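Okay, structure first, notes after.
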Amino acid sequence: MVVTSLGMLIIVLPLSLLVRHKPEHYGYRPDGEVSKSLEEVNHVYTWLLENHFERRSTIIALGGGVVGDMSGFIAATFLRGINLIQVPTTLLAQVDSSIGGKVGINHALGKNLIGAFYQPRMVLADVDFFKTLPREEFICGMGEVIKYGILGSKPLFEILENHLPEILQKDKDLLSRIVFDCAQIKAKIVEEDERELGIRAHLNLGHTFGHALETFYKSETLKHGQAVLLGMRCAIWASLQLKVLEEESARRMDRLIRQVGVRLPGQKKMDPPSLIAIMKRDKKVKDGRINLVLPAGIGQVTIRPVSDEALLQASFESLQD
Ligand SMILES: NC(=O)c1ccc[n+]([C@@H]2O[C@H](COP(=O)([O-])OP(=O)(O)OC[C@H]3O[C@@H](n4cnc5c(N)ncnc54)[C@H](O)[C@@H]3O)[C@@H](O)[C@H]2O)c1
Ligand SMILES: [Zn+2]
């Protein structure tokens, strides 16, 4: 942690490069999901109190989504709320988690169960951070980027379709444009529906199938963004069967996602009935009907309640093609 001359707090928790070089200065804290805990949050509360932080202090969340969610939760609760600035350093955090005000931590019984809606004063995104970002983390962010193209912007989708190899090589100009477009799409949806009572649910495209895959394979073998990419392929397939989506658009979407190159983990055989059982445990399922976000065209989605288990099963099986 660093205190600037302006009295601001900079939390540099899991940025492993910095931590590795100066552990005694920053104080080593664990990397990844484990730090989104009440125990870690309490550690920071104590540090803030011992160092006399007050209502006008600002927390700058410099890091990926883990740092953003956790620092945001601290900002929302410390002294009933202090200023928050998000400086996201992963692709996923720049296009998704730093925008929209959902902040929170995990509980032993589930992820992101303790939290708040708390908007940052500012989000500062710089694509230069991606220079050091491992390829696997970058691909995870691409899951959310493609999601925005499919759900809200034909021009964005076409940029992705026409320039995927350069984007995967981290071309700075293309990435600046893409991060800006995604952030704008998310901000617009959140402005309309901050508390997820309506249109914000569109952001769950690929996530209902994706969460089931993530839980089935465990997050060590299938990361969130990878699961979302596969989950979107299932949603596209289901949408085609339900005639919500026409064939040409489905083919273009599926081809773009396949080009990113994420596959089902080989070590465990996929079991659709178990996946459906996991889907039904989702807190968003009502009366056995699963509300699926389905692509309706490039740049458009719709929500359909689905109870046809054969269709859900076949959607998962389509991943084996
Ligand atoms: N609040 C929301 O709306 C929202 C939305 C989506 C996801 N999330 C949350 O976000 C989290 C995932 O975020 P994430 O994908 O950014 O993962 P992360 O924060 O764990 O970061 C991934 C890894 O990259 C490292 N890292 C970060 N920036 C780097 C850089 N520039 N160079 C090199 N290494 C870097 C981190 O230390 C970490 O090891 C999850 O906890 C998820 O629940 C929240
Ligand atoms: Zn996601």
Side-chain angles (χ1 to χ4, degrees), residues 11-21 26 28-37 40 61-73 75-76 84 86-107 110-120 123 125-148 150-151 170 175 179 182-183 186-187 189-190 194-196 200-211 213-214 219-220 222-232 235 293:
I11 299 186
V12 200
L13 288 174
L15 212 79
S16 33
L17 284 175
L18 295 176
V19 171
R20 208 175 297 137
H21 291 303
Y26 295 102
Y28 178 77
R29 307 304 310 163
D31 185 27
E33 274 306 310
V34 284
S35 50
K36 271 174 63 172
S37 69
E40 281 306 312
L62 173 66
V66 163
V67 173
D69 277 13
M70 176 204 182
S71 314
F73 181 73
L84 170 67
Q86 292 274 9
V87 186
T89 60
T90 62
L91 179 56
L92 183 135
Q94 291 196 7
V95 299
D96 194 356
S97 59
S98 66
I99 301 154
K102 278 190 187 174
V103 297
I105 53 173
N106 301 326
H107 186 276
K111 270 188 71 175
N112 296 328
L113 293 180
I114 315 294
F117 287 92
Y118 196 70
Q119 298 297 340
V123 179
D126 187 333
V127 296
D128 267 347
F129 281 121
F130 304 152
K131 279 185 191 161
T132 51
L133 191 64
R135 185 176 167 88
E136 200 184 34
E137 297 297 343
F138 187 79
I139 296 286
C140 283
M142 283 304 293
E144 307 292 345
V145 167
I146 293 176
K147 178 187 84 176
Y148 289 114
I150 294 178
L151 75 83
K170 302 184 181 169
L175 280 171
V179 168
C182 293
K186 179 151 186 191
I189 290 175
V190 172
E194 189 186 15
R195 302 268 160 162
E196 201 169 327
R200 192 165 181 168
H202 287 183
L203 297 171
N204 293 331
L205 172 65
H207 282 62
T208 310
F209 288 109
H211 281 149
L213 290 163
E214 208 179 338
S219 45
E220 306 90 70
L222 192 68
K223 286 178 163 269
H224 176 76
Q226 297 168 325
V228 169
L229 283 162
L230 296 170
M232 282 192 291
V293 185

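Atoms within each ligand, like the ligands themselves, are counted from 1 in listed order. This is a predicted model, so every value here is computed, not measured.
When all heavy atoms of F117 and E194 are compared, the closest pair comes out as CE2-O, 3.2 Å. The two atoms that bring P120 and V123 nearest to each other are CG-CG2, 3.8 Å, heavy atoms only. Counting all heavy atoms, side chain and backbone alike, T90 lies closest to A93 at OG1-N, 3.0 Å. Residue A227 comes nearest to L213 through the heavy atom pair O-CD1, 4.3 Å, listed as atom of the first residue, atom of the second, then distance. Smallest separation of non-hydrogen atoms from L91 and F138: CD2-O, 3.5 Å. Shown here for Y118 and A76, the closest heavy-atom pair between the two residues is CG-CB, 3.5 Å.
A salt bridge links K223 to E137: one of the charged nitrogens lies within less than 4.0 Å of a carboxylate oxygen.
By the 3.5 Å distance cut-off applied to N or O atoms, P134 is not counted among the residues near ligand 1. Residue D96 places no N or O, backbone or side chain, under 3.5 Å from any N or O of ligand 1. On a distance-only criterion, V67 and ligand 1 share no N/O pair closer than 3.5 Å. Every N/O-N/O distance between E137 and ligand 1 stays at or above 3.5 Å. Ligand 1 has no N or O atom lying under 3.5 Å from any N or O atom of V103, backbone or side chain.
When atom types are taken as modelled, the side chain of H207 and the backbone of L205 share a donor-acceptor pair closer than 3.5 angstrom. R200 contributes no side-chain N or O that, together with a main-chain N or O of K186, makes up a donor-acceptor pair within less than 3.5 Å. In this structure a side-chain-to-backbone donor-acceptor pair under 3.5 Å is missing from K36 to G65. Of the possible polar contacts, none joining the S71 side chain to the G68 backbone as a donor-acceptor pair under 3.5 Å is found.
With a 4.0 Å cut-off on non-hydrogen atoms, H224 does not touch ligand 1 at all. Residue-level proximity to ligand 1 for E33 is carried by the side chain, the only part with a heavy atom below 4.0 angstrom. Contacts with ligand 1 closer than 4.0 Å are made by side-chain heavy atoms of L92 only, the backbone lying farther away.
Atoms of ligand 1 lying under 4.0 Å from any heavy atom of T90, numbered from 1 in the order shown and given with element: 14 (P), 16 (O), 21 (O), 27 (C), 28 (N). Listed by atom number, the atoms of ligand 1 under 4.0 Å from N112 heavy atoms are 43 (O). Within ligand 1, counting atoms from 1 as listed, the ones closer than 4.0 Å to a heavy atom of K111 are 43 (O). Of all atoms in ligand 1, numbered sequentially from 1 with element shown, those under 4.0 Å from a heavy atom of K102 are 1 (N), 2 (C), 3 (O). Heavy-atom contacts of K186 reach the following atoms of ligand 1: 3 (O) (cutoff under 4.0 Å).
Annotation: protein N, O or S atoms under 2.8 Å of the Zn ion (ligand 2) (waters excluded) comprise E144 OE2, H207 NE2, H224 NE2.
Of the candidates P88, C140, S97, S97 brings a heavy atom nearest to atom 4 (C) of ligand 1. Comparing I99, T89, V34 by heavy-atom distance to atom 28 (N) of ligand 1, the nearest is T89. Of the candidates I105, V66, L62, it is V66 that places a heavy atom closest to atom 20 (O) of ligand 1.
N112 and K102 share no donor-acceptor pair across their side chains, judged by distance under 3.5 Å alone. Between Q226 and E214, the side chains place no donor N or O within less than 3.5 Å of an acceptor N or O (distance only, hydrogens not considered).
In this structure, F73 has no ring pair (Phe, Tyr, Trp, His ring centres under 6.0 Å) partners at least two apart in sequence or on a different chain.
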